[in-house]
Every structure is written in C-alpha cells, then in structure tokens.
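In what follows, a structure is listed as structure tokens, so that the remarks can point back to it.
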Amino acid sequence: LAKENGNRTFQFFTQEINHSLVEKKTLETELRKALLSNQFVLHYQPQIDMATGHITGLEALIRWVHPTKGMIPPAQFIPLAEESGLIIPLGQWVLETACTQAKKWLDDGLPPIQISVNVSPYQFKQTAFVSMVTETLVQSGLPAHHLNLEITESMTFDTQHCQTILQQLREIGINVSIDDFGTGYSSLSYLSKLPLTHVKIDGAFIQGLDKRNGAIVKTIITLAKNLDLNVIAEGVETEEQARFLQSLHCDEAQGYLYSKPLNQEQTEELLQQANNQFSRI
Ligand code: C2E
Ligand code: MG
Ligand code: MG
Ligand code: MG
C-alpha cells in the first residue's frame with residue numbers, strides 16, 4: 001500500500017487513529033458498566049516453594065469477561081482504568097474479592113496460602129489507601145499475614161511517601177512485594193530503603209536466561225537474601241530455568257511450568273489435591 005500511494009497510506013493511518021480513539025471512549029464507557037454489572041473475575045496463579053514444591057501463595061489476576069468480546073486480559077484495560085480513575089473502585093473490588101475468597105478457602109480447611117494482590121500506583125497514591133486495606137481485612141476477616149500486596153516501581157515513585165505507606169502496611173502485618181523487579185525505574189537501593197518482604201524477579205530475565213540475564217538473576221537473589229527478603233521468580237516456563245533458580249536457592253517460583261492462572265473452581269481443585277503436587281521439579 002505504501003509503495004502504491006503515499007496519500008492513501010496517510011488516510012489509512014488517520015482512520016486507524018480515529019478508530020482507536022472511538023474504541024477507547026467506547027471501552028471506557030463499557031468499563032464503567034462492567035464494574036456495575038460484575039463482569040470481572042479473578043484468576044489465581046500458584047506460587048511454589050522451590051525447596052518443598054508446596055503452594056505458598058496465589059496471585060490474583062483480574063480478567064474482564066466481556067459480553068461479546070469474551071475474556072479480555074488486564075493489559076488491555078488496566079491502563080485505561082488508570083487513565084480514567086476507574087482503577088480506584090476496580091482495585092478495591094479486586095482486593096475485596098481476593099480477601100473474601102482467601103478467607104473462605106481458609107475456613108473450608110484448605111492449605112493456608114498467602115493471597116497476592118496487584119496494586120496500581122494510582123491506588124497507592126490515594127490518601128485513604130491504608131484505611132481502605134484495613135477496612136477490607138476487617139470486613140473479610142482475613143488475617144493480615146495472609147495478604148501480600150504487589151507494588152511496582154514507577155516513574156512517580158516518591159520513595160519517602162512510599163516508605164511511610166509501606167511501614168504502615170507492615171505494622172498491620174501485611175506482606176509487601178516489589179513486582180517485576182529489574183524492569184521499571186528500579187534501583188537496587190529501593191530494596192534496602194523500602195520495608196518490603198518479597199522481591200519478584202521479572203519474567204523477562206527468566207525467559208531470556210542467557211549468561212548476562214543469569215548474572216542479573218544471581219545478583220538479585222544474592223542481594224535479596226542479604227536483605228532478608230523472599231525472592232520469587234516470575235514467568236518460569238522450563239525445567240532448565242527451574243533448575244538454575246534452584247541452584248541459586250531462589251525461594252519461590254511462579255510460571256506456566258507449574259500452572260497457568262486458574263479460575264476459582266480450578267484453584268479450589270488444586271488446593272484440595274494440595275501438598276506434593278509440584279515436588280517433581
Ligand atoms: P504481573 O503482576 O507481573 O503478573 C504476571 C503476569 O505474567 C500475568 O499476566 C500472568 O498470567 C503472566 N504469566 C504467569 N506465568 C507466566 C509464564 O510462565 N510465562 C509468561 N509469558 N507469562 C506468565 P496477566 O494475568 O495477563 O497480567 C498482566 C499484568 O496485569 C500483571 O502483571 C499486573 O501488572 C496487571 N494486573 C493483573 N491483575 C491486576 C489487578 O487486579 N490490578 C492491577 N492494578 N493490575 C493487575
Ligand atoms: Mg503481580
Ligand atoms: Mg510481575
Ligand atoms: Mg509483569
């Protein structure tokens with residue numbers, strides 16, 4: 001097309017842009033409706049103790065079950081939810097749903113796990129964030145040490161403010177992970193400055209496990225251990241990757257090798273089977 005007619009190419013792109021703006025507006029309206037009509041679900045991905053093979057945690061991951069488009073992954077609507085402010089009620093829904101579900105599984109006598117919930121920097125910046133979390137724990141009845149909040153480093157990271165909020169969460173007994181570590185605007189000094197409990201190494205380092213990335217992974221694990229932090233490797237897909245991580249005494253792993261994110265029923269089945277499920281690795 002480009003070779004054939006430059007103008008037509010231009011038109012083509014202009015239409016594309018208009019189309020995507022309209023689509024964005026439509027999606028935003030639909031997102032509002034979806035929140036009111038319960039079109040969101042949580043899936044759960046197991047986190048595995050590398051030494052024992054036991055499930056230690058479940059990461060709650062949101063999906064939008066769209067009435068006509070089907071299952072929409074978070075990458076396609078979280079940024080828009082953040083832009084439009086909808087992330088505040090949406091994030092609250094995620095936290096409430098995850099805590100209520102985890103409490104129910106505990107009450108049902110399933111193996112105790114930690115539930116990990118992703119927190120957007122926009123939520124984190126709200127002055128009412130800590131009281132919202134506290135209120136959710138009280139309402140759901142979930143003990144604080146069963147909750148793990150995953151935060152990401154972002155450009156607008158105010159270390160001082162972050163430190164204060166995290167300190168308050170830690171005093172309540174909540175665990176805090178830094179997610180996607182090594183990718184964002186991270187500096188190694190965050191690990192020592194922030195009162196964290198867990199570090200999640202981004203899947204990109206694990207999946208592209210060449211000599212260089214191997215050295216980075218090794219460095220993060222060593223540093224985290226020296227700082228008494230739990231290390232979780234994300235996006236573990238192969239036995240080879242798992243063996244490498246095990247040789248470095250990485251605490252936990254998460255990824256398709258062990259399990260994809262599961263819906264509520266599948267998660268319950270997995271928890272019921274429990275125990276030595278993953279010890280083959
Ligand atoms: P994340 O928190 O880093 O979550 C891990 C993502 O990696 C998930 O994608 C998961 O399905 C995917 N994953 C897990 N194992 C593997 C693997 O072995 N290989 C590969 N290639 N990928 C794997 P998902 O569910 O599409 O979520 C994407 C991102 O959306 C999350 O990244 C998180 O940043 C965000 N997100 C998900 N749920 C929520 C939520 O409730 N609130 C907020 N604020 N963000 C969320
Ligand atoms: Mg996460
Ligand atoms: Mg991550
Ligand atoms: Mg990620």
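Start at 1 and go down the list; that is how both ligands and their atoms are numbered.
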For Thr164, what residues pass the side chain to side chain contact (heavy atoms under 4.5 Å, CB included) criterion, not counting sequence neighbours?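 With sequence neighbours excluded, Thr164 shows a side chain to side chain contact (heavy atoms under 4.5 Å, CB included) to Gln160, Gln168, given in chain and number order.
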
Angle at the Mg ion (ligand 2) between OD2 of Asp179 and OE1 of Glu150, to 10°?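 With the Mg ion (ligand 2) as the vertex, the angle is close to 90°.
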
Which residues share a side-chain hydrogen bond (donor to acceptor under 3.5 Å, both in side chains) with His66, sequence neighbours left out: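 Testing His66 for side-chain hydrogen bond (donor to acceptor under 3.5 Å, both in side chains), a comparison that skips the adjacent residues, returns Glu30, Thr68.
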
Between the side chains of Arg243 and Glu240, is the shortest nitrogen-to-carboxylate-oxygen separation below 4.0 Å, so that they form an ion pair?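 Salt bridge flag = no for Arg243 with Glu240.
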
Under a 4.0 Å threshold between the charged nitrogen and the carboxylate oxygen, would Lys24 count as salt-bridged to Glu28?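 No salt bridge links Glu28 with Lys24.
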
From Glu59, does some N, O or S atom reach closer than 2.8 Å to the Mg ion (ligand 2)? yes

Would Ser116 count as a contact for the Mg ion (ligand 2), in the sense that one of its N, O or S atoms lies under 2.8 Å from it?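 Of the N, O and S atoms in Ser116, none lies under 2.8 Å from the Mg ion (ligand 2), which means no.
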
At the Mg ion (ligand 3), OD1 of Asp180 and OE1 of Glu234 open up to roughly (10° bins) 90°

May I ask whether [X] places a heavy atom under 4.0 Å from ligand 1?
| X | value |
| --- | --- |
| Arg63 | yes |
| Gly235 | yes |
| Ala75 | no |
| Glu82 | no |

For ligand 1, indicate whether the residue Asp180 contacts it via side chain, backbone, both or neither (heavy-atom separation under 4.0 Å).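 Just the side chain.
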
Under 4.0 Å from any heavy atom of Glu237, which atoms of ligand 1 are there? 17 (C), 18 (O), 19 (N), 20 (C), 21 (N)

Do the side-chain N and O atoms of Glu82 and Ser120 include a donor-acceptor pair separated by under 3.5 angstrom? yes

Within 6.0 angstrom of Lys25 NZ, more than 12 heavy atoms from elsewhere: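 No, NZ of Lys25 has 12 or fewer neighbouring heavy atoms, counting only those of other groups under 6.0 Å.
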
Does the cation-pi check pass for Lys125 over Tyr122, that is, NZ or CZ under 6.0 Å from the six-membered ring centre and within 45° of its axis?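 Judged by the rule, Lys125 and Tyr122 form a cation-pi pair.
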
Just distances here: any N/O of Ile62 and N/O of ligand 1 closer than 3.5 Å?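 There is such a contact, yes.
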
Between Gln123 and ligand 1, does any nitrogen or oxygen pair lie at a separation below 3.5 Å? no

